[in-house]
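Numbers restart at 1 for each chain; the letters A, B, ... are given by sequence-line order, proteins then strands. What you see below is based on every heavy atom in this structure, not just the backbone, and it leaves out hydrogens, waters and symmetry mates.
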Amino acid sequence: MKPGDAVPELRVMPDRHLPHRFAGAGEDFNPIHIDPEAARQAGLPGHVLHGLYLMSVVARAAGELAPGDPRALKRLSVEFRDMGVPEQEIIVTGTVREVRDGRAVMDAAAEQSGKVIVGGGEAEIEV
Amino acid sequence: MAWCVGARESREKGGRDVSADDGAERIWPPVDYSVGRENIRQFVEASGERRVIYKDSKVSGEAGFRDVVAPPMFAAVYCWRSVRPALADAGIDMTRILHTSQEFVWSEPVCAGDTITTVAELRDRAGSKKASTYVLGTVSHNQEGDEVSRGTWTILVKGG
């Protein structure tokens with residue numbers, strides 16, 4: 001592994017009810033995630049994905065630098081740049097920025113329908 | 001362990017304001033989350049994880065974990081148990097929030113059977129009539145008193 005290496009692209013398709021399942025798993029029942037009408041009243045196009053779901057998808061992509069090791073991911077920071085919505089494919093990309101003292105630092109981003117929805121992603125992984 | 005007990009005793013009567021030199025404006029009482037195998041499974045399935053180590057105690061055990069191990073982002077689950085009431089206590093309308101950035105730093109892994117205790121604090125608050133930004137910090141420990149993660153949560157509230 002060296003700087004400039006790309007991590008395998010991760011593509012996921014969240015279905016219409018994914019926010020409901022994530023709400024149940026994470027106990028976050030904010031209506032903007034599970035009720036399209038409430039989301040529209042809040043000025044959104046419809047119910048939206050949880051930011052922490054998007055971060056989880058980025059974390060999965062980062063984890064591929066040390067496959068199968070649940071301890072490897074040491075830090076992840078992300079900026080939620082735009083709303084993620086169900087039923088549109090999400091594409092996560094990442095590039096190794098540096099490798100030093102057994103740790104890789106990776107830049108990561110997630111796009112949906114050509115828009116960056118997660119940017120400024122930075123992951124530190126023990127490799 | 002002593003850390004958790006001390007924190008609980010000093011904060012059990014509710015969130016308190018702290019002086020500026022503590023580096024936080026407000027600290028809320030610790031909140032416990034008892035991690036069950038099925039909690040991990042539900043999170044793993046909702047977040048699309050496919051690795052069996054997060055589902056099968058035998059596979060986790062063979063990798064040296066005491067029970068089914070949680071993926072790092074399970075922090076979203078046990079921390080939210082403390083962040084949600086903190087935001088409500090700060091008077092924030094949940095339908096007007098935008099989660100703008102997030103960081104987690106992980107140390108010890110979390111396994112089924114653990115009890116994770118999280119303390120949330122308000123680190124910064126800035127705003128105008130249009131919007132306010134709140135920065136919360138979380139620190140989570142397991143039942144042994146070992147730190148499992150630290151989080152930094154930046155949340156924008158539309159309408160100030």
Side-chain angles (χ1 to χ4, degrees), chain A residues 10 12-14 17-33 35 38-39 41-44 48 50-60 62-64 67-83 90 118-126, chain B residues 33 38-54 59-60 63-65 68-81 83-85 87 93-111 149-156 158-159:
Chain A
L10 176 63
V12 294
M13 175 64 91
H17 295 114
L18 188 135
H20 304 78
R21 293 197 300 282
F22 197 83
E27 301 179 350
D28 181 354
F29 295 97
N30 190 327
I32 64 170
H33 300 304
D35 180 346
Q41 282 174 16
L44 299 166
V48 295
H50 294 76
L52 291 171
Y53 166 75
L54 299 176
M55 188 176 183
S56 300
V57 176
V58 174
R60 277 175 59 201
E64 290 304 308
D69 181 358
R71 295 170 177 263
L73 184 62
K74 293 300 181 191
R75 186 175 71 83
L76 178 61
S77 63
V78 294
E79 294 169 8
F80 303 112
R81 298 265 174 92
D82 211 330
M83 291 293 172
I90 297 168
V118 178
E122 192 178 273
E124 272 184 52
I125 304 114
E126 273 185 0
Chain B
Y33 187 101
E38 299 304 332
N39 298 120
I40 295 174
R41 177 183 289 271
Q42 284 176 345
F43 177 78
V44 160
E45 290 185 354
S47 62
E49 277 287 355
R50 291 199 173 84
R51 296 191 178 280
V52 289
I53 195 167
Y54 299 125
V59 176
S60 280
F65 296 99
V68 173
V69 65
M73 279 303 296
F74 189 72
V77 178
Y78 60 75
C79 289
W80 186 245
R81 183 74 69 84
V83 170
R84 188 192 53 76
L87 295 175
D93 174 355
M94 299 298 280
T95 63
R96 292 192 300 164
I97 67 170
L98 280 177
H99 196 170
T100 52
S101 69
Q102 179 71 42
E103 178 180 62
F104 284 114
V105 176
W106 289 277
S107 30
E108 286 299 306
V110 169
C111 295
S149 70
R150 283 174 181 260
T152 303
W153 308 63
T154 308
I155 287 159
L156 186 87
K158 293 177 281 183

* Asked: Does any heavy atom of chain B fall under 4.5 Å from the side chain of A/Val78, the backbone, both, or neither of them?
  -> both
* **A/Phe22, part contacting chain B, at a heavy-atom distance under 4.5 Å** => both
* Counting only heavy atoms closer than 4.5 Å, note whether B/Phe74 contacts chain A via side chain, backbone, both or neither. => neither
* Structure fact -> Minimal heavy-atom distance between A/Ser56 and B/Phe43, with the atoms involved, is OG-CZ, 3.6 Å
* To do: Keeping the roles fixed (side chain from B/Trp106, backbone from A/Leu73), state whether a donor-acceptor pair exists under 3.5 Å.
  => no
* **B/Met73 side chain reached by A/Leu52 side chain, heavy atoms, under 4.5 Å** => yes
* To do: Could you grab the distance from atom CD of A/Glu79 to atom OG1 of B/Thr154, nearest 0.5 Å is fine?
  => 9.0 Å
* **Between A/Val118, A/Val57, A/Asn30, the one whose heavy-atom pairs under 4.5 Å with chain B are most numerous** => A/Asn30
* Measuring from A/Arg71:CZ to B/Ser107:OG, what's the distance to the nearest 0.5 Å? -> 10.5 Å
* Given B/Glu45 and A/Arg21, is the salt bridge (charged side-chain N to carboxylate O under 4.0 Å, His left out) satisfied, shown in steps? -> CA-CA 8 Å; B/Glu45 290 185 354; A/Arg21 293 197 300 282; over 6 Å; no
* **Heavy-atom pairs under 4.5 Å with chain B, option from A/Glu122, A/Lys74, A/His33 with the top count** => A/Lys74
* Structure fact -> Across all chains, not counting sequence neighbours, the side-chain contact (heavy atoms from CB on, under 4.5 Å) partners of A/Pro31 are A/Asp35, A/Ala38, B/Thr95
* Counterpart residues, side chain to side chain donor-acceptor pair (under 3.5 Å), relative to B/Glu108 (two or more places apart) -> none
* **Note, A/Leu76 side chain near B/Pro72 side chain (heavy atom, < 4.5 Å)** => no
* Nearest 0.5 Å, what's the CG-CE distance between A/Asp28 and B/Met94? -> 6.0 Å
* **Side-chain touch A/Arg60/B/Arg50, heavy atoms, less than 4.5 angstrom** => yes
* Distance-minimising heavy-atom pair for A/Phe80 and B/Gln102 -> CE1-CB, 3.9 Å
* Choice from B/Val105, B/Val77, B/Val69, B/Thr100 maximising heavy atom contacts with chain A below 4.5 Å -> B/Thr100
* To do: Just give me the residue among A/His50, A/Met55, A/His20 that pairs up with chain B most often, heavy atom to heavy atom, under 4.5 Å.
  => A/Met55
* **Contact leader toward chain A among B/Ser47, B/Ala70, B/Pro71, where contacts are heavy-atom pairs under 4.5 Å** => B/Ser47
* Heavy-atom pair count under 4.5 Å with chain A, highest-scoring of B/Ala76, B/Ala63, B/Gly48 -> B/Gly48
* **Most contacts with chain A, counted as non-hydrogen pairs under 4.5 angstrom, among B/Arg41, B/Arg150, B/Gln42, B/Glu49** => B/Glu49
* Asked: With chain A, which of B/Arg81, B/Glu38, B/Arg84 has the greatest number of heavy-atom pairs at distances under 4.5 Å?
  -> B/Arg81
* Asked: Does any heavy atom of chain A fall under 4.5 Å from the side chain of B/Tyr54, the backbone, both, or neither of them?
  -> side chain
* Any B/Leu98 side-chain heavy atom under 4.5 Å of A/Met83 side chain -> yes
* A/Pro67 and B/Arg51, any side-chain heavy atoms less than 4.5 Å apart -> yes
